[in-house]
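Working notes, beginning with the structure itself.
The structure presented is a predicted model; accordingly, all values stated were derived computationally and were not measured.
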Amino acid sequence: MSAADSLSRRPDSAAAVAVQPQPSTAPRTGSLIRRVLGLAWPVLVENFLQTMVGVVDIFMVSFLGTVALAGVGTSLPMMFVIFSAITAVGMGGTVLVARAVGAKDLRFAGKVAKQTVLLGLGVSVLLTALGVPLARPLIALLGPEPEVLDIGGAYFRITMATSVGLVMMFVLGAVLRGAGDMRTPMVAGMAMNVINIVLAYLLIFGNLGFPEMGAVGSAWAAAVARLVGAGGLAVVLWRGRQGISVRGVLDWAPHRETIARLLRVGVPSMLEQFLMSSSMVVFTAMVIGLGTQVFAAQRITFQVLMIGWLPGFAFSIAATTLVGQSLGARNPATAERVAWIAVWSAAIVLTGFGLVFFALGPQITSLFSSDPLIVGLGGDSMRLMSLSLPIFGFSIVLQGALRGAGDTQFPMYTTGILSWPFRLPLIWVVGILFEGGLLGMYGVFIVESGIRGIVTYIRFRAGGWKTRIV
């Protein structure tokens, strides 16, 4: 039986693929470094452009005042909750497509792509149906002031009404990344960013005859930009990329076994992201309780730090793809080597970002606000959190390697334990009970990052992921 035949069957059958080393010439280290960097840099650019959508929104809305800035900021933790549902589909698609490509079974890779798109469309319909009527009540759970709630509720409702663009941008990109095509999502991200910047400028302030919509104008700008980006990715995948296409009528009907495999890999990642994002919602509520100015400082700090985290996410995605493809080709030694190359590359790059944020924290914060309290607290927070960037890069890439092997349950358990029983109670004790404020809360994040890095390293070194069946 060929690797391709066994991959297309159920993983719990007698024909399931177990990763067995195959005799082959080991790739040179230089070649592996080029592969890692070749996959990581387009993802880095794409993620940077995705993040810039939020940064541009925050920057332009900041001209409307602190209340508008805080209102838009309230939607961010809720967006992370939404991403948890999308992750279930995207991660499953990335891992199974990567395995299929590694096994040179492009027909099954195309089938996985179609089933992934179907799941994504189903998720977007569900998000719209539930998100539109619940948008304001969900934002109200954070306890913002009435003026902030009005803006945040309207912003989040628009995002949910147009969730198909957000979901399909993520899902279609995940399929392409599993195939090793990182550049197409990057180009789509570029187009999306340009559209968002132009529309935000027009709709927020009412320039060139467009209606002046204020803060909610940034929501419409982002929504239109995502819809255009998702449409572009759909056209590319329909035409075919890396030998994978969603063209034709075959394999579009829901296939129970394939969907079950997608969810078997993806649901733990969904739960992981839900545990993480829901804990961030509680954290946000705690920060809001410290006052609107403190919350505005936290929003600015978090949005800027996202730029520093991006290389970690980029190398993590590269590790997920290359580990999956290597294991699909039944070469666990190469999978381990590319994982460590990605880990140390991320650690080096994130250290550089940390040095920049430490040196220029107050100056960066002052670009978003002239309020002395916001600038001072935001600058100090950025300097403190910059210390955690190398640790974050180390752990997030190792987790990406585990996901590429199909070991998505361990990151879920780690996140669940560290986010809820550990981080949140400690944040409340340090930040509120002992009045450590925002800086004390951020200190807890640094401690948690260190613990996460240690336990993930132990799991990866144990090596059980090398023979995992998906």
Side-chain angles (χ1 to χ4, degrees), residues 51 54-55 58 62 66 69-70 72-74 76-77 80 142-145 148 276-310 312 350-396 415 418-454:
T51 302
V55 172
I58 291 291
S62 67
T66 302
L69 182 63
V72 172
T74 57
L76 187 59
F80 282 121
L142 300 175
E145 297 174 357
V148 175
M276 175 68 77
S277 57
S278 58
S279 71
M280 288 301 297
V281 171
V282 177
F283 167 68
T284 299
M286 292 184 191
V287 176
I288 287 176
L290 299 176
T292 299
Q293 289 175 303
V294 176
F295 177 58
Q298 190 270 330
R299 286 293 89 194
I300 293 171
T301 303
F302 195 85
Q303 197 68 58
V304 173
L305 284 170
M306 282 289 292
I307 298 175
W309 293 330
L310 292 182
L350 264 69
T351 297
F353 272 95
L355 292 174
V356 171
F357 290 154
F358 187 87
L360 301 176
Q363 289 86 345
I364 294 173
T365 307
S366 67
L367 296 174
F368 297 86
S369 177
S370 59
D371 187 314
L373 189 151
I374 295 176
V375 172
L377 181 58
D380 290 342
S381 298
M382 200 172 300
R383 283 176 167 167
L384 178 62
M385 286 296 286
S386 69
L387 302 177
S388 69
L389 287 179
I391 306 170
F392 171 81
F394 182 87
S395 62
I396 195 68
T415 297
L418 290 179
S419 295
W420 283 90
F422 178 80
R423 184 209 298 164
L424 288 177
L426 196 57
I427 282 177
W428 182 83
V429 170
V430 174
I432 298 178
L433 183 62
F434 290 108
E435 300 182 350
L438 183 59
L439 294 179
M441 293 175 172
Y442 275 148
V444 175
F445 276 92
I446 296 176
V447 174
E448 183 207 2
S449 294
I451 297 173
R452 186 186 302 271
I454 292 171

Note, Val304 side chain near Phe368 side chain (heavy atom, < 4.5 Å):
yes
Could you tell me how the ring of Phe392 sits relative to the ring of Trp309: parallel (under 30°), tilted (30 to 60°) or perpendicular (over 60°)?
tilted
CE of Met441 to CG of Leu426, rounded to nearest 0.5 Å, is 11.0 Å
Take atom CZ in Phe358; do more than 12 heavy atoms of anything else shown fall under 6.0 Å from it?
no
Within a strict 4.5 Å, meaning less than it, do heavy atoms of the Leu310 and Phe353 side chains meet?
no
What is the minimum heavy-atom distance between Met382 and Gly361, and which atoms define it?
SD-CA, 3.9 Å
Quick check: closest heavy atoms across Ser386 and Pro390, and the distance to 0.1 Å?
O-CD, 4.0 Å
Is the closest side-chain heavy-atom distance between Phe302 and Met280 below 4.5 Å?
yes
d(Phe357 CZ, Leu305 CG) to nearest 0.5 Å is 6.0 Å
I need the minimum non-hydrogen distance between Ile451 and Phe422, along with the two atoms involved.
CD1-CZ, 3.7 Å
Decide yes or no for Gln298 and Ser381: does some side-chain heavy atom of the first lie under 4.5 Å from some side-chain heavy atom of the second?
no
Looking only at heavy atoms, which two atoms of Leu424 and Ser279 are closest? And how far apart?
CD2-O, 3.5 Å
Any chance you could measure Leu438, atom CG, to Asp380, atom CG, to the nearest 0.5 Å?
10.0 Å
Hey, is the main chain of Gln363 close enough, under 3.5 Å, to the side chain of Ser366 for a donor-acceptor pair?
yes
Contact between Leu350 and Phe394 at the side-chain level, heavy atoms closer than 4.5 Å - yes or no?
no
Restricting to non-hydrogen atoms, name the atom on Ala296 and the atom on Ile374 that form the minimum distance, rounded to 0.1 Å.
CB-CD1, 3.9 Å
Would you check if there is a donor-acceptor pair between the side chains of Gln293 and Thr66 at a distance under 3.5 Å?
no
Exactly one candidate in Ile288, Val72, Thr74, Leu69 meets side chain to side chain contact (heavy atoms under 4.5 Å, CB included) with Val148; the answer is Thr74
Heavy-atom side-chain proximity of Ser419 to Glu448 below 4.5 angstrom:
yes
Looking at every heavy atom in both Ile300 and Ser369, which two are closest together, and how far apart are they?
CD1-CB, 4.3 Å
Side chains of Thr415 and Arg452, donor plus acceptor under 3.5 Å:
yes
In terms of relative ring orientation, are Phe283 and Tyr442 parallel, tilted or perpendicular, with 30° and 60° separating the classes?
tilted
Hey, could you give me the OG1/CD distance between Thr292 and Glu145, rounded to the nearest 0.5 Å?
3.5 Å
How long is the gap from CG on Leu433 to CD1 on Ile427, to the nearest 0.5 Å?
14.0 Å
Rounding to 0.5 Å, atoms CG (Leu389) and CD1 (Ile396) come to a distance of 12.5 Å
